[in-house]
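Accompanying notes for the structure given below.
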There are 2 protein chains.
Amino acid sequence: MTSYDRGMTSNRPYHHGDLRRALLATTAEAIREAGPAALSLRDLARRAGVSHAAPAHHFGDKAGLLTAFAVEGYDLLAEELGRAGDDLLEIGVAYVRFAVEHRAHFEVMFRPDLYRPDDPALVAARARSGATLHGGVAAHPAASAPDRDALAAWSIVHGFATLWLAGALPPGVGGDPEATARQVIRRLFE
Amino acid sequence: MTSYDRGMTSNRPYHHGDLRRALLATTAEAIREAGPAALSLRDLARRAGVSHAAPAHHFGDKAGLLTAFAVEGYDLLAEELGRAGDDLLEIGVAYVRFAVEHRAHFEVMFRPDLYRPDDPALVAARARSGATLHGGVAAHPAASAPDRDALAAWSIVHGFATLWLAGALPPGVGGDPEATARQVIRRLFE
DNA sequence: TGGTGGTCTTGTCAATGACAAGTTACGATC
DNA sequence: GATCGTAACTTGTCATTGACAAGACCACCA
């Protein structure tokens, strides 16, 4: 029970302290529970224990909040991809793992109608994670046509992750997305 | 200019005649303009020239409308995939073409949080298009591991289509999604 | 100590989804 | 071709939401 969980008549301080960060965390939680379509600024405010207009102060409007959320997602993705090293297979697996573990971020990132895709911070963050992915492809020994290979690799991991998150895969596909993804990606290298 | 384009004080008949179909068509139009997030039942009603509560009569609620819209999408997809014949490459191209030409349907179909994925009509329609896709993979000569190959093929075309629709691909990727998709899919068969 | 600006609140408005209750007209049956 | 059942559509209403305006609070620094 943190300070911003208290009711409004309590001794909760007027200033939250770190409302912006708290709202982004709560956004992930709310989206995980009911999808991005059901996200409500007022619900976020209630969860954070602040007034209904507090979120707008930090993000302007709903699109502003989701823009910041997408930036956070692209930064996280770049970090995870970088951690995967130079092996293209492992980078692909890391991409799928990111989608599964940070599904809320992933679901917003590729829905540009929900935020402002032209926002400078967003463009920069997207470029960073794009460079990381493309770098992994270029380092791959079998890269005869880097551009096309990068697109094929990105497509297959993105498609798998998307279908997994949408629950569109048949029940036969087992419970471990990473292991299944590894099988599928390997198909590209045979 | 059909009868339901007239204002409410005109001689527009009380009964629309084919409101259900008209609403589904208008749904595609509205989603193409502003994405599924901005879809409004009342806006659909205004476009169709009926009262704000008319859509609910045919579809129950917003999720009901989108369920019917997704069913329509899966039926269309099965039809287009069937038309592509037995060649796996052409089936994949047809999948991408469907996503681009019917982007509104495609964007709803893979967003189960927007509708009722358990609806019997939807389950049936999804099974139909799934069978068509899987059948194409089984007919492919190089299918050594049909399940994994089907998943890889579905992933790569779905991923490409999704990235294309999201505008996530770098500007270098040209203006013709079908031709680009063909290159990418071929990568699976080399 | 006094101000200055960022943080947050209260109040309000138009728009929306959902629901209830009433009205209109189609079509089957006699 | 009159009657009646029922489907199609309307009007009215309510709680919720996003956005905005105006003001209250408070940390920080001169």
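In what follows, chains are A, B, ... by sequence order, proteins preceding strands, each numbered from 1. Every value quoted in this text rests on a predicted model; they were computed, and no experiment measured them.
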Give the residues of residues 107-121 of chain B touching DNA chain D, defined as any heavy atom closer than 4.0 Å, sorted by residue number. none
Would you mind reading off the distance between A:His52 atom NE2 and D:dG18 atom P, rounded to a whole angstrom? 11 Å
Tell me: CG of A:Asp18 to C1' of C:dT7, nearest whole Å? 13 Å
Using side-chain heavy atoms (C-beta onward) and a distance below 4.5 Å, is B:Leu39 in contact with B:Leu66? yes
Could you please name the option among D:dG12, D:dC9, D:dC20 that lies closest to any side-chain atom of B:Ala53? D:dG12
Looking for any heavy atom pair under 4.0 Å, which part of the strands does B:Ala56 touch: base, sugar-phosphate only, or nothing? nothing
Residues of residues 30-45 of chain B with any non-hydrogen atom less than 4.0 angstrom from an atom of DNA chain C: list those, numerically ordered, please. B:Leu39, B:Ser40, B:Leu41, B:Arg42
Please state how far atom CG in B:Leu19 lies from atom P in C:dT24, giving the value in whole angstrom units. 19 Å
Measuring to OP1 and OP2 of D:dT17, would you say a side-chain N or O of A:Arg46 lies under 4.0 angstrom away? yes
Nearest whole angstrom, please: distance from the C1' of D:dG18 to the CG of A:Leu23. 15 Å
Side-chain heavy-atom pair B:Ile31, B:Glu107 within 4.5 angstrom cut-off: yes
Can you check whether B:Arg111 reaches A:Arg111 side chain to side chain, under 4.5 Å on heavy atoms? yes
Between A:His57 and C:dT7, is there a contact of a side-chain N or O with OP1 or OP2 at under 4.0 Å? yes
Taking the side chain as C-beta and beyond, is there a heavy-atom pair between A:Pro55 and A:Leu65 under 4.5 Å? no
Residues 94-102 of chain B side chain polar contacts: donor-acceptor under 3.5 Å, at least two apart:
unit_1  : atom_1 : unit_2   : atom_2 : d
B:Tyr95 : OH     : B:Trp154 : NE1    : 2.9
B:Tyr95 : OH     : B:His158 : ND1    : 2.8
B:Arg97 : NH1    : B:Glu178 : OE1    : 2.9

Within residues 58-65 of chain B, residues whose heavy atoms come under 4.0 Å of DNA chain C: B:Asp61, B:Lys62
Phosphate-side-chain proximity, A:Arg20 and C:dC8, N/O vs OP1/OP2 below 4.0 Å: no
In chain order, what residues pass the side-chain contact (heavy atoms from CB on, under 4.5 Å) check against B:His58, with sequence neighbours excluded? B:Leu19, B:Arg20
With sequence neighbours left out, what residues match B:Glu72 under salt bridge (Lys or Arg N to Asp or Glu O under 4.0 Å)? none
Side-chain touch A:Leu77/A:Leu81, heavy atoms, less than 4.5 angstrom: yes
Stepwise salt bridge (charged side-chain N to carboxylate O under 4.0 Å, His left out) test for B:Asp18 and B:Arg21: CA-CA 6 Å; B:Asp18 203 0; B:Arg21 177 176 301 274; 3.4 Å; yes
Any chance CG of B:Asp87 has more than 12 other-residue heavy atoms, nucleotides or ligands included, within less than 6.0 Å? yes
Going through the checks in order, is the salt bridge (charged side-chain N to carboxylate O under 4.0 Å, His left out) test met by A:Glu33 and A:Arg47? CA-CA 13 Å; A:Glu33 290 173 15; A:Arg47 295 189 193 214; 3.0 Å; yes
